[in-house]
Structures are given as C-alpha cells and as structure tokens.
Amino acid sequence: MQTTSSVNLAAVAAEFDLRGDYLEGEPYGSGHINDTFRVRVTQAGTPVQYILQRLNTRIFRAPLDLMANVARVTAHAQARLRRQRQNDATRRALTLVPTRAGEALLRDADSGVWRAYLFIEQARTYDLTDTPAKAFEAARAFARFQALLADLPGERLHETIPRFHDTPHRYAALHEAVHANPHDRLREVGPELDFALSQEAEAGRLLNLASAGTIPERVTHNDTKINNVMIDDRSGEGVCVIDLDTVMPGLALYDFGDMVRSATINLPEDSTDFNQVRCRREIFEALARGYLEAADFLNATERAHLAFSGRLMTLECGVRFLTDYLLGDVYFKVRRPRHNLDRCRTQFALVRSIIEQENELQGFADGLRV
Ligand code: ADP
Ligand code: GN1
Ligand code: MG
C-alpha cells in the first residue's frame with residue numbers, strides 16, 4: 001500500500017466524476033484510521049474542492065457493504081432534509097460523488113479503495129472543544145443525525161466492524177494481547193493494566209441493559225468524536241455530521257458517551273501531561289443540553305445512563321489504545337513511540353475524573369428531563 005505522501009492524487013481524482021480540471025491536493029484532517037485528502041479543481045474557472053478518502057481495508061474488511069450503508073444513510077438524510085424544506089441539504093448531510101463508471105467506490109492499482117464527497121465549505125472540525133457553545137452544537141447535530149435516521153427504511157445496516165462497542169469483547173482482546181505480549185511491552189504498562197482490570201466489572205453494563213430489552217437498538221453513528229461534526233464558520237451551528245463508516249445498529253448511549261470522551265477532556269487525546277487531564281463539567285452540561293434538545297426519543301433508562309456512558313466509552317477507548325500498544329500499534333495510526341500508551345493514559349485519567357464527578361454530572365442531566 002502506498003504511503004500518504006506517495007499517492008498519485010491526480011490519477012485517483014481523474015477516476016471520479018469531479019466537475020472540473022484538477023489543480024492540486026493534499027493530506028487533510030487528523031483521523032486515526034483512513035487517509036483523507038482535500039483536492040482542488042477549477043470548474044470553468046471557479047475553484048471547487050472535494051474530499052477524497054482511501055479506506056483502511058485492514059479495518060473495514062467489507063468496503064462494498066460499508067459503502068452500501070453510507071449510500072443509504074446519506075440518501076435518506078438528504079431526502080428527509082428536503083422534505084423538511086431545508087434548502088441546504090448538501091451542506092447538512094454528506095453527498096457521495098460517484099466514479100466515472102457510476103460506482104460509489106474505486107479500487108486503485110495498489111488495491112486501495114477510494115471514495116469522494118462534496119466538500120462542506122465554510123465550516124470546520126475541532127479536535128479540542130474550547131467552548132460550551134461548540135459542545136452544545138456538536139451534541140445537537142449528532143442527536144439530529146440520529147433522529148434523521150430513526151425511520152431509515154429497509155434491512156438492518158451492515159455491521160462494518162462487528163462488536164465495535166462490545167466492551168467485554170474489547171477486554172477479551174486486551175487479555176489476549178497481555179497473554180501474547182508480542183513486543184515485550186507488558187512491563188511498561190503495569191499501572192495502566194491494573195487500572196483497566198479494576199474497571200472490568202462495569203464493562204457489560206449497557207449491553208446487559210440492551211439484552212434485557214431495557215434500552216433499544218437504534219441506528220447510531222458510533223464514532224461521535226467531536227471532530228466528526230462540522231461547525232459552521234459564521235453561525236457556529238453544528239451543520240453536518242461526517243465520518244459515516246461506523247453508522248450501524250448500536251445504542252444511543254455509545255454516541256453520547258463518545259461525545260463525552262472526546263469533548264469534555266481539557267487536553268489533547270495524546271497529551272503526555274496526563275496527570276492534568278480532567279473532565280470539564282461545563283462541557284458535559286452543554287453536551288447534555290444539546291443532545292437532549294434533539295434526542296427526544298430517549299427512554300428513561302437511556303437518560304439515566306448519560307454520565308455512565310461517558311465513563312464507559314472512555315474506558316473502552318483506553319482499553320483499545322492499551323491493547324494496540326501491546327500488539328505493536330497495528331490499528332491506530334501513530335506518529336511517535338508510545339503514542340498509543342500516551343493516548344491510553346489520557347483516557348484512563350479522564351475515566352477517573354468522570355467517576356469523581358459522575359453523580360453531579362448525572363444529576364445535571366436528570367434536571368434537564370422534560
Ligand atoms: P477519519 O475517519 O480519518 O477521521 P473523516 O471522515 O473524519 O476521516 O475526515 C477527516 C477530516 O476531513 C475531518 O475531520 C474534516 O475536517 C475533513 N472532512 C471530511 N469530510 C469532509 C467534507 N465532506 N467536507 C469538508 N471537510 C471534510
Ligand atoms: C478512531 O477515525 P477516527 O479518528 O474518527 C476510531 C474510534 C476511536 C477514535 C479515538 C473506526 O476514530 O473508534 O474512538 O479513533 N475509529 C475506528 O480517537 O476505530
Ligand atoms: Mg474522523
């Protein structure tokens with residue numbers, strides 16, 4: 001597989017139905033999984049941008065199924081928006097650009113798998129949430145996204161990564177990595193492993209509620225990292241939810257929990273200053289307000305677990321980073337030694353901070369009930 005820098009973007013772009021003449025392109029964004037590029041074309045003299053993405057097929061093993069999900073979800077969201085008389089549906093939901101052969105994806109000569117999207121202009125994503133207003137907007141956008149998909153017709157969506165948020169399954173993978181210890185890194189992770197094990201008893205709580213039928217399966221996003229929603233430059237509104245690869249059956253609390261994980265943290269996810277990491281209560285409160293404003297479909301049990309979901313999704317992500325560190329950094333992109341271990345440490349510090357404040361956080365959310 002080519003590296004990001006050696007990609008012939010002009011050649012890839014030429015295979016898609018981009019309207020205009022190719023000018024230039026460059027790597028874009030800070031995702032951990034796929035390779036994203038921004039390309040510029042000139043459309044009869046007017047500059048126009050597109051997003052090109054190469055899917056990580058080691059992780060997304062059935063790209064045709066994945067793209068079938070994305071095509072259904074984006075088409076449904078746009079149709080619903082148009083029915084609501086939104087005159088900017090192509091800014092409020094992603095639009096796939098097909099290949100010149102009319103396909104949703106392209107396989108290049110190196111067996112890379114590519115897709116293209118219209119570029120959402122005058123909006124951007126933020127890795128770190130600096131104000132409650134942004135948290136509110138992002139959470140409301142994710143809730144609106146869930147609401148748009150509540151009546152998605154047809155078959156159950158494909159599970160693009162099976163058992164993605166099955167936390168006990170993530171623990172099983174950690175135990176296996178500890179047992180195999182292929183890079184002799186176990187001796188570096190004593191405190192992290194102890195912490196992970198001390199929290200394992202809680203891992204199945206949401207899945208148990210789901211098996212008991214107390215909380216329902218829904219169509220959820222499953223990767224509601226705060227940089228997966230575009231915030232409008234002028235109005236500050238959360239305009240468009242992106243990164244749809246993991247949209248599939250799930251629990252609403254996975255989505256709320258991952259917002260808490262990614263937005264309430266006061267430092268970057270990979271900060272080495274993990275002793276300073278804490279959960280910012282004012283950001284949690286803004287997330288809860290924004291989410292509950294548009295997620296009027298939640299039942300009482302879902303509402304009662306909003307703070308817990310933040311703890312669980314943060315724990316799960318820490319366990320995944322720790323597992324990947326032990327396995328030699330095979331899943332998440334890394335840019336330095338111990339990058340995944342640093343990420344694991346911030347996540348576990350955030351879990352501790354959420355636990356310390358959990359009663360107050362949930363109390364705030366309870367007070368918002370209608
Ligand atoms: P990853 O799976 O690697 O996180 P994303 O789909 O989230 O990939 O894209 C990475 C970044 O590219 C996003 O954070 C966003 O800034 C930008 N981006 C993605 N899609 C679009 C789009 N349609 N319009 C404008 N920017 C986009
Ligand atoms: C990955 O692709 P990106 O960067 O939005 C990961 C999420 C993790 C996140 C941690 C498909 O998200 O599950 O929570 O990193 N996505 C996948 O930052 O595994
Ligand atoms: Mg992303």
Side-chain angles (χ1 to χ4, degrees), residues 1 31-34 55-62 66 158-211 222-223 225 245-246 248-251 253-254 257-258 260-262 265 269-272 274-275 277 308-355:
M1 170 90 50
H32 295 344
I33 309 291
N34 296 320
L55 286 177
N56 184 328
T57 47
R58 252 187 320 107
I59 291 175
F60 297 113
R61 294 187 173 269
L66 183 153
H158 299 288
E159 292 196 35
T160 56
I161 302 181
R163 305 179 78 176
F164 190 55
H165 283 307
D166 178 335
T167 316
H169 176 66
R170 298 295 188 177
Y171 264 97
L174 173 62
H175 288 297
E176 274 177 38
V178 166
H179 184 69
N181 190 19
H183 295 269
D184 197 22
R185 292 179 174 178
L186 193 54
R187 56 202 163 83
E188 295 172 48
V189 305
E192 290 74 26
L193 186 59
D194 286 347
F195 181 77
L197 298 179
S198 76
Q199 302 299 309
E200 189 169 2
E202 299 280 23
R205 202 151 134 194
L206 293 185
L207 277 178
N208 291 341
L209 290 169
S211 322
N222 298 303
D223 187 2
K225 201 166 163 174
D245 301 327
T246 53
M248 57 183 160
L251 303 181
L253 289 169
Y254 297 156
D258 204 61
V260 175
R261 177 191 78 77
S262 57
I265 192 165
E269 182 182 82
D270 61 355
S271 169
T272 52
F274 54 91
N275 285 323
V277 164
F308 174 76
S309 73
R311 185 207 321 178
L312 185 69
M313 287 298 100
T314 311
L315 175 67
E316 179 186 280
C317 199
V319 165
R320 292 174 63 197
F321 286 140
L322 181 56
T323 305
D324 200 35
Y325 182 65
L326 290 172
L327 293 180
D329 312 310
V330 292
Y331 187 97
F332 297 103
K333 286 182 191 168
V334 288
R335 287 180 303 279
R336 58 175 193 251
R338 286 184 287 283
H339 205 165
N340 272 319
L341 182 56
D342 291 336
R343 290 171 176 149
C344 162
R345 288 174 169 158
T346 64
Q347 302 303 289
F348 286 171
L350 185 61
V351 172
R352 285 197 170 91
S353 177
I354 294 174
I355 291 173

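Judged purely by distance below 3.5 Å, without hydrogens or angles, the side chains of Asn208 and Arg205 never pair a donor atom with an acceptor atom.
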Point to revise | side chain to side chain contact (heavy atoms under 4.5 Å, CB included) between Asp245 and Asn222, worked out | key: CA-CA 9 Å; Asp245 301 327; Asn222 298 303; over 6 Å; no
Exercise for review: Test Phe308 against Leu253 for side chain to side chain contact (heavy atoms under 4.5 Å, CB included), laying out the working first.
Suggested key: CA-CA 9 Å; Phe308 174 76; Leu253 289 169; over 6 Å; no
Check your understanding: side chain to side chain contact (heavy atoms under 4.5 Å, CB included) between Glu192 and Phe321: does it pass, once the steps are laid out?
Key -> CA-CA 11 Å; Glu192 290 74 26; Phe321 286 140; over 6 Å; no
Practice item. Decide side chain to side chain contact (heavy atoms under 4.5 Å, CB included) for Asn340 and Tyr331; before the verdict, give the C-alpha distance in whole Å, the side-chain angles of both, and the deciding distance to 0.1 Å. Key: CA-CA 10 Å; Asn340 272 319; Tyr331 187 97; over 6 Å; no
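Here the CG atom belonging to Leu193 is positioned 4.5 Å from the CG atom belonging to Leu197, to the nearest 0.5 angstrom. Taking CG of Leu326 as the reference point, atom NE2 of His179 lies at 13.0 Å (rounded to 0.5 Å). One distance of note links CG of Asn275 with OG1 of Thr346; it measures 11.5 Å at 0.5 Å rounding. Atom-to-atom distance recorded for Ile265:CD1 and Gln347:CD is 5.5 Å, nearest 0.5 angstrom. Atom CG of Asp166 is separated from atom CD1 of Ile161 by 13.0 Å, given to the nearest 0.5 angstrom. For the atom pair His165 NE2 and Leu312 CG, the distance stands at 9.5 Å (nearest 0.5 Å).
A side-chain donor-acceptor contact under 3.5 Å links Asn181 to the backbone of Leu186. Of the possible donor and acceptor atoms, one in the side chain of Asp324 sits under 3.5 Å from a partner among the backbone N and O of Val330. Although no hydrogens or angles enter the test, the distance criterion places no donor-acceptor pair under 3.5 Å between the side chain of Tyr171 and the main chain of Ala201. Listed for the Asp223 side chain is no donor-acceptor partner under 3.5 Å among the backbone atoms of Thr246. A donor-acceptor distance shorter than 3.5 angstrom exists from the side chain of Arg170 to the backbone of Phe164, with no hydrogens or angles considered. The main-chain N or O of Leu66 is never found under 3.5 Å from a side-chain atom of Thr160 such that the two would form a donor-acceptor pair. Under the 3.5 Å distance criterion, the side-chain polar atoms of Asn56 are left unmatched by any main-chain donor or acceptor of Asn34.
Residues Thr272 and Arg336 form a side-chain contact, since some pair of their non-hydrogen atoms from C-beta on lies under 4.5 Å apart. Residues Phe60 and Ile33 have side chains in contact (heavy-atom distance under 4.5 Å, counting atoms from C-beta outward).
The shortest heavy-atom contact between Ala177 and Pro182 is O-CD, 4.1 Å. Counting all heavy atoms, side chain and backbone alike, Pro249 lies closest to His158 at CD-O, 4.4 Å. Closest approach of Leu322 and Ala196 over heavy atoms only: CD2-CB, 4.4 Å. Taking each heavy atom of Val319 and Thr323 in turn, the nearest pair found is O-OG1, 2.7 Å. The minimum heavy-atom distance linking Lys225 with Ser262 is given by the pair CA-OG, 3.4 Å. The two residues Thr314 and Arg261 come nearest to each other via the heavy atoms OG1-CB, 3.3 Å.
Taking a cutoff of 4.0 Å between a charged side-chain nitrogen and a carboxylate oxygen, Glu188 and Arg185 do not qualify as a salt bridge. Between Asp270 and Arg335 there is a salt bridge, with a side-chain nitrogen of the basic residue lying less than 4.0 Å from a carboxylate oxygen of the acidic one.
Remark: Arg338 CZ is loosely packed, at most 12 non-hydrogen atoms of other residues, nucleotides or ligands lying under 6.0 Å away.
For the side chain to side chain contact (heavy atoms under 4.5 Å, CB included) criterion with Thr167, the lone passing option out of Glu200, Glu316, Glu202, Gln199 is Glu316.
Ring orientation note: the planes of Phe348 and Phe195 are tilted relative to one another, at an angle of 30° to 60°.
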